[in-house]
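Note: hydrogens, waters and symmetry copies are ignored here, and every other heavy atom, side chains too, is used.
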Amino acid sequence: MTAAIPRIGFEALAPALREQLAPRVARLGYLGEFFQCTAHQPDVLAAFNLLTEALKTALPQRSIELVALTVAGLLDNRYERHQHERLSATLRYGAAWIADVNRLDPSAATALSETERTLQRLCIALVRGLGRGADDEIATAVAVLGPAATIGVLFAVGRYLTHSLIVNALALAPPVASIFEGAP
């Protein structure tokens, strides 16, 4: 963890941001270090949170979890991966499904549907090429998911790329352990 960015506690957040984050903090029982750091830009963080919430209506929850786990896995963002493993387990997607997503090998993923394999292939292509060279995966996704969901995936990948960049740049430790490990 880098100490270069001072952490902002929940009570010190900008009032509108504190109100926006209150349900999350109540649900989790803590204000994550990601939010403590990024709260230095309250308006940007509020917009980031609005994007996160809007994605929940753009894509099915299971697709969001697949995108989150895939991007986090590709970018070694254990902070986000551990949290989304836990959420996926809470949503009863099953350890086999979570492990298959985490393997980042959609061709060998037996717990994923063909649609989910298409979605993961798209995510992998987008991240590895930083958006370039994913023409085939985008065309396949449009055929399988439709144009609106494909654009939703592009936005979701961008959201999780942003999170990974910040977490990795600040060397933030995961607040929770992986469901497959004993410690964060």
Side-chain angles (χ1 to χ4, degrees), residues 21 23-35 48-49 51-128 134 136-138 140-168 172-184:
L21 292 175
R24 177 186 309 256
V25 171
R27 185 179 81 247
L28 297 175
Y30 65 90
L31 177 65
E33 197 173 14
F34 173 84
F35 294 100
F48 183 81
N49 291 331
L51 172 62
T52 301
E53 291 304 312
L55 287 168
K56 292 177 183 177
T57 61
L59 295 169
Q61 184 67 43
R62 193 167 167 116
S63 296
I64 292 291
E65 296 312 309
L66 188 143
V67 172
L69 288 167
T70 300
V71 175
L74 289 167
L75 298 177
D76 195 29
N77 180 356
R78 294 179 328 128
Y79 189 109
E80 191 83 309
R81 183 173 52 84
H82 293 186
Q83 289 183 314
H84 283 277
E85 285 175 355
R86 288 174 173 266
L87 179 54
S88 294
T90 298
L91 294 169
R92 299 176 187 237
Y93 297 158
W97 185 87
I98 298 164
D100 258 0
V101 174
N102 283 347
R103 273 188 208 85
L104 304 173
D105 185 4
S107 296
T110 58
L112 302 184
S113 70
E114 186 54 43
T115 298
E116 290 169 334
R117 287 191 290 273
T118 296
L119 176 56
Q120 190 171 50
R121 284 184 191 102
L122 174 58
C123 293
I124 291 168
L126 291 169
V127 172
R128 289 195 173 146
D136 291 343
E137 290 83 0
I138 290 171
T140 301
V142 169
V144 172
L145 306 171
T150 301
I151 292 298
V153 171
L154 295 175
F155 271 114
V157 168
R159 184 264 183 228
Y160 291 104
L161 279 169
T162 299
H163 188 282
S164 291
L165 182 138
I166 292 168
V167 164
N168 291 343
L172 302 181
V176 296
S178 167
I179 64 168
F180 302 108
E181 302 166 5

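- Looking only at side-chain heavy atoms (C-beta outward), Thr118 and Leu122 stay at 4.5 Å or farther from each other.
- Distance check: Tyr160 OH to Leu69 CG gives 9.0 Å after rounding to the nearest 0.5 Å.
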Taking distance alone, no hydrogens or angles, what donor-acceptor pairs closer than 3.5 Å link side-chain atoms of residues 89-96 to residues at least two apart or in another chain?
residue : atom : partner : partner atom : Å
Thr90   : OG1  : Arg86   : O            : 3.0
Tyr93   : OH   : Arg62   : N            : 3.3

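- For the residue pair Tyr79 and Ala173, the shortest heavy atom distance occurs at CD1-O, 3.1 Å.
- In this structure, SG in Cys123 is found 10.5 Å from CD in Glu137, a value given to the nearest 0.5 Å.
- A ring pair (Phe, Tyr, Trp, His ring centres under 6.0 Å) check over residues 105-127, counting only residues at least two apart or in different chains, returns nothing.
- Rounding to the nearest 0.5 Å gives a distance of 8.5 Å between CZ of Phe155 and CG of Leu55.
- In terms of heavy-atom proximity, Ala134 sits nearest to Leu126 at CB-CD2, 4.0 Å.
- Using a 4.5 Å heavy-atom cutoff, the side chains of Gln61 and Leu87 are in contact.
- Counting heavy atoms from C-beta outward, Pro106 and Glu116 have side chains that stay 4.5 Å or more apart.
- In this structure, the side chain of His82 engages the main chain of Val176 through a donor-acceptor pair within 3.5 Å.
- Here CD1 of Ile179 is found 3.5 Å from CD1 of Ile98. Values are rounded to the nearest 0.5 Å.
- Side-chain N or O atoms of Arg117 include one that pairs as donor or acceptor with a backbone N or O of Leu112 at under 3.5 Å.
- At least one donor-acceptor pair closer than 3.5 Å links the side chain of Gln120 to the backbone N or O of Val101.
- Distance alone, capped at 3.5 Å, is enough to place a donor-acceptor pair between the Thr52 side chain and the Phe48 backbone.
- Nearest heavy-atom pair across Ala149 and Leu145 is CB-O, 3.5 Å.
- Listed here is the closest heavy atom pair of Ala156 and Ile64: CB-CD1, 4.4 Å.
- Side-chain contact check for Asn102 and Glu85: at least one donor-acceptor pair (N or O, by modelled atom type) lies under 3.5 Å.
- Side-chain atoms of Asn77 never come within 3.5 Å of backbone atoms of Val167 as a donor-acceptor pair (strictly under, hydrogens ignored).
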*Hey, mind stepping through Arg159 and Glu53 against salt bridge (Lys or Arg N to Asp or Glu O under 4.0 Å) and telling me if it holds?*
CA-CA 11 Å; Arg159 184 264 183 228; Glu53 291 304 312; over 6 Å; no

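- Closest approach of Leu75 and Asn168 over heavy atoms only: O-ND2, 2.9 Å.
- Taking the six-membered ring where the residue is Trp, His163 and Phe34 present parallel rings, their angle staying beneath 30° rather than reaching 60°.
- One finds the CG atom of Leu74 at 4.5 Å from the CG atom of Leu104 (value rounded to the nearest 0.5 Å).
- Glu80 is not listed as a side-chain neighbour of Ser164, based on a closest heavy-atom distance of 4.5 Å or more.
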*Start with the C-alpha distance between Arg81 and Ser178, add both sets of side-chain angles, then the distance that settles side-chain contact (heavy atoms from CB on, under 4.5 Å), and finish with yes or no.*
CA-CA 8 Å; Arg81 183 173 52 84; Ser178 167; 4.0 Å; yes

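- Note that CD1 of Ile138 and CG of Leu154 are 5.5 Å apart. Values are rounded to the nearest 0.5 Å.
- For the pair Val153/Leu119, a side-chain contact is recorded, criterion being any heavy-atom separation below 4.5 Å from C-beta on.
- Side chains of Pro174 and Gln83 form no contact here, defined as non-hydrogen atoms less than 4.5 Å apart.
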